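We name chains A, B, ... by the order of the sequence lines, and we start the count at 1 in each one. From a predicted model like this one, the values you see are computed outputs, not experimental measurements.
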Amino acid sequence: MGIKDLSQIDFNEHLNPEQFEAVNTLYGPVLVIAGAGSGKTRTLVYRVARLIEEGVDPESILLLTFTRKAAHEMLKRASELVGPKSHLVSGGTFHSFCYSQLRTYCRVLDYPSNFTVLDRRDIEDILGLLAEELGLKKETARFPKKSALASIYSKKRNCMKDCLWVLKRGYAHLTHLAPILEALFDAYQKYKRRHALMDYDDLLINWKTILKNYPEIQEAVSRRFNFIMVDEYQDTNRVQAELVRLMAYTHDNVMAVGDDAQSIYSFRGANFKNILEFPELFPGTRIIKLEKNYRTHQPNLDCTNAIIANAQEKFAKRLVAVRSGGRKPLFYEALDENDQAEFVVSRIKDFILKGVEPSEIAVLFRASFHSFQLEGLLNRYGIKYVKRGGLKLLEGAHIKDLLAFLRIILNPVDRLSVLRVFTLIPGLGEKGVQRIYEAMIKVDDPLKAVAEFKTKAKWHQPLKELVHRLLAIKEKDLGLSDLLKGLTSIYEPYLTDRFPDDYPRRLQELNELSLIAGAFEDPGEFLTEVALDPPDEEETYGKGDAVCLSTIHSAKGLEWKVVFIISLVEGRFPSPMALERDEDLEEERRLFYVAATRAKDVLYFVAPRLVNVSGGGVVPGKRSRFLDEIPPGLFEIWGNKSRRFNTPGKQELTTPEPVKVGGNGFRVGLRVRHQVFGPGTITKVIDNEKVAIDFDVVGSKIINTQVAKLSKI
DNA sequence: ATCTAACCTGTTTTT
DNA sequence: CAGGTTAGAT
């Protein structure tokens with residue numbers, strides 16, 4: 001296959017020889033194994049450009065990845081390079097792609113084409129409901145929580161194994177429940193079918209079933225998408241690998257790009273071994289390795305290479321930096337979590353003063369609650385930040401309330417939504433709604449049945465009014481956007497009641513949701529979109545220049561000039577849940593590797609020496625084993641003891657204010673003893689309730705004198 | 001006796 | 001924010 005004239009782009013000039021080779025392998029299966037920061041997505045995008053330039057129809061190109069963010073990034077860069085033609089290229093996450101295919105073809109499975117996609121919460125709630133209905137909770141002591149049920153279910157389906165298999169790995173204490181869980185999941189499958197619902201796993205598996213059982217559909221799809229490319233292949237699981245195999249069966253024009261060292265999604269069935277199996281799935285695969293790193297400099301790279309060198313199974317790969325210069329990563333051992341937060345904040349302020357854009361700074365952590373303390377401090381200093389991976393807009397109670405209203409309009413016997421909406425009425429709870437619901441499912445017009453429901457309870461009248469308002473709005477037959485606005489006005493009194501402190505903010509969010517909804521005509525499609533691709537806060541609020549706080553999982557594929565990785569102590573990172581099995585610990589190490597490779601210029605490791613535990617006490621922590629694994633000399637240790645009294649951040653916090661005496665006699669300079677933290681000195685009286693105290697052992701804390709027991713010394 | 005509302009605590013990671 | 005628990009309301 002000769003290369004035609006490269007009239008538009010000089011590929012050779014913009015790519016190194018390995019990338020060039022990958023880009024120019026236009027036909028047949030290709031596996032690109034590439035390290036962090038080596039230009040993986042770039043390679044993929046250039047191949048799209050190359051194909052189009054070759055005369056390939058853009059509509060026959062399909063780009064797939066696992067995460068929304070990676071998909072978004074990939075398509076954005078494609079449109080930058082290729083221009084308007086890139087809009088004809090199909091692509092997105094596996095889930096959204098399967099959804100669009102199922103809309104067209106799911107009738108062969110006896111599903112209506114307007115099925116709804118469940119989000120995680122729905123799945124958990126339905127499982128919980130069914131478990132209760134089947135009486136499993138009463139029968140079985142220590143029945144797993146519904147979140148665990150959902151995880152077991154999803155793993156079972158993603159790995160294509162039975163319950164016992166899943167329970168044996170990871171839920172060993174529950175193996176006796178295997179038959180019971182099979183029955184529960186059976187009931188769940190039936191429930192979904194009855195209500196025309198699919199969950200995330202159904203999207204993939206149902207589409208796979210169709211491809212497998214309907215050769216004419218498989219043929220049509222395979223001919224339509226003549227070039228399939230998968231980014232972040234290490235994140236795919238067996239089901240996704242088979243989907244690709246099935247869809248490419250007429251042509252084998254598949255390029256998979258991935259890094260086995262960055263596989264961090266095994267909890268949902270992704271397996272880095274998948275990448276090893278690719279050549280088996282596609283005989284004759286050409287394997288290309290990318291080992292040049294464009295993101296960072298050699299000292300950082302030496303350190304990250306050392307982190308991943310401790311992994312037990314991996315492709316041999318040693319990244320070499322293209323950039324020169326640079327400084328070793330720094331490790332700061334903070335006194336406690338408060339000092340950790342103060343250190344990070346003071347460094348952030350410093351960088352911003354030096355002219356670093358806040359959006360070029362990120363703080364990464366294992367689990368989203370690790371950043372609580374830091375968030376408080378950032379708020380106090382007025383530093384703008386966005387948090388990724390934590391609470392999503394969708395998870396706010398008010399958003400869920402409004403969506404429940406919408407669902408009732410669309411389907412009055414949606415049990416979860418009925419429960420959610422009707423319990424908003426004071427005095428009406430779970431049991432009451434249950435009785436109403438039973439009356440609803442017996443008749444043709446469920447909402448009317450509610451209006452006519454007979455009871456002496458005091459909630460009767462408010463319920464009737466609510467239902468009348470819902471019926472009235474339903475009759476108007478409004479567009480989706482107006483419908484949501486109308487529902488918001490019905491919901492508003494309950495909203496102000498439920499959230500007296502911050503309802504204006506929540507109302508604002510609801511209005512934004514109505515605006516987003518304006519882009520959809522079909523309400524079912526809107527609900528699916530919200531489940532599959534929830535609008536994230538950053539886009540919604542358009543906060544431009546803010547520091548990024550992120551879980552490591554949500555940081556994958558992104559990069560910043562300055563990166564802090566915090567809470568590198570045992571018990572936090574690696575996560576205690578991952579200590580039991582070797583494979584889990586290996587994954588935690590890869591996670592650490594992903595975090596450390598996000599930095600372009602400056603990389604900080606931070607660990608507190610004392611760790612807050614639940615209940616309010618502190619215990620001595622041990623620095624994370626992953627830090628100890630790194631050979632000494634590959635990072636610098638920072639923090640002589642005097643630092644904490646010299647940094648600007650610390651100064652501002654501890655400089656005594658003009659003496660102000662709190663209502664209870666506490667004043668600056670007073671020596672006090674705290675039940676848990678021991679002796680300390682009051683440095684600031686904030687108001688009648690709160691004082692700042694510099695404890696002799698654990699450093700500064702804000703203490704509420706109404707809650708904590710303080711005695712004067 | 002039955003149900004609701006208020007309180008307390010403990011949180012992995014994603015589609 | 002949700003699950004479990006419990007005090008208090010009906």
Give each protein N/O atom lying under 3.5 Å from an N/O atom of nucleotides 2-5 of chain B, with the pair distance.
unit_1: B:dT4; atom_1: OP1; unit_2: A:G429; atom_2: N; d: 2.7
unit_1: B:dT4; atom_1: OP1; unit_2: A:G429; atom_2: O; d: 3.3
unit_1: B:dT4; atom_1: OP1; unit_2: A:G432; atom_2: N; d: 3.2
unit_1: B:dT4; atom_1: OP2; unit_2: A:E430; atom_2: N; d: 3.2
unit_1: B:dT4; atom_1: OP2; unit_2: A:K431; atom_2: N; d: 3.1
unit_1: B:dA5; atom_1: OP1; unit_2: A:G427; atom_2: N; d: 2.4

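- Between the CG atom of A:N158 and the C1' atom of B:dT15 there is a distance of 9 Å, given to the nearest Å.
- Mapping A:K400 and A:K458 onto DNA chain C via the closest heavy atom, the residue that lands nearer the 5' end is A:K400.
- Ring centroid separation for the pair A:F365 and A:F372 does not come in under the 6.0 Å cut-off.
- With ring centers used as reference points, A:H95 lies 6.0 Å or more from A:Y99.
- Proximity of the aromatic rings of A:Y105 and A:Y111 is defined here by a centroid distance below 6.0 angstrom, and this criterion is not met.
- Under 4.0 angstrom from either OP1 or OP2 of B:dT13 there lies at least one side-chain N or O belonging to A:S368.
- With B:dT14, C:dC1, C:dG3 as the candidates, the nucleotide lying closest to the side chain of A:K146 is C:dG3.
- Distances from the side chain of A:H553 to the nucleotides B:dT13, B:dT15, B:dT11 place B:dT13 closest.
- As rounded to whole Å, 18 Å separates atom P of B:dT13 from atom CG of A:L585.
- Geometric assessment of A:R268 against the ring of A:F66 yields a positive cation-pi assignment under the 6.0 Å and 45° thresholds.
- Atom-to-atom, CD1 of A:I565 to C1' of B:dT13 comes out at 16 Å; the value is rounded to the nearest Å.
- Between A:A367 and A:H95, it is A:A367 whose nearest contact on DNA chain B lies nearer the 5' terminus.
- B:dT13 atom P lies 18 Å from atom CZ of A:R590, rounded to whole Å.
- Nucleotide B:dT14 holds its P atom 12 Å from the CG atom of A:D235, rounded to whole Å.
- At a threshold of 4.0 angstrom between heavy atoms, the contacts of A:A397 are confined to the sugar-phosphate backbone, with no base atom among them.
- Using a 4.5 Å cut-off on side-chain heavy atoms (C-beta onward), A:F564 and A:L364 make no contact.
- The side chain of A:K145 contributes no N or O atom lying less than 4.0 Å from OP1 or OP2 of C:dG3.
- Of the charged side-chain nitrogens involved, at least one lies within less than 4.0 Å of a carboxylate oxygen, so that A:D122 and A:R407 count as a salt-bridged pair.
- In this entry the distance linking CZ of A:F372 with P of B:dT11 reads 12 Å, nearest Å.
- A:D584 and A:M577 get closest at one heavy-atom pair: OD2-O, 4.4 Å.
- Distance CG (A:L149) to P (C:dA2): 17 Å, rounded to an integer number of Å.
- Each of B:dT15, C:dA2, B:dT14 was ranked by its minimum atom distance to the side chain of A:R68; first place goes to B:dT15.
- Contact annotation: A:S147 does not reach the phosphate of B:dT11 (side-chain N/O to OP1 or OP2, under 4.0 Å).
- Between the C1' atom of B:dT15 and the CD1 atom of A:I123 lies a distance of 9 Å, rounded to the nearest Å.
- The side-chain ring of A:F267 is stacked on the base of B:dT13, judged by centre separation under 5.5 angstrom and plane angle under 30 degrees.
- By the ring-ring contact (aromatic ring centres under 6.0 Å, His included) test, A:F405 pairs with A:Y491, sequence neighbours left out.
- The side chain of A:T93 lies closest to B:dT15 when the candidates are C:dT10, B:dT14, B:dT15.
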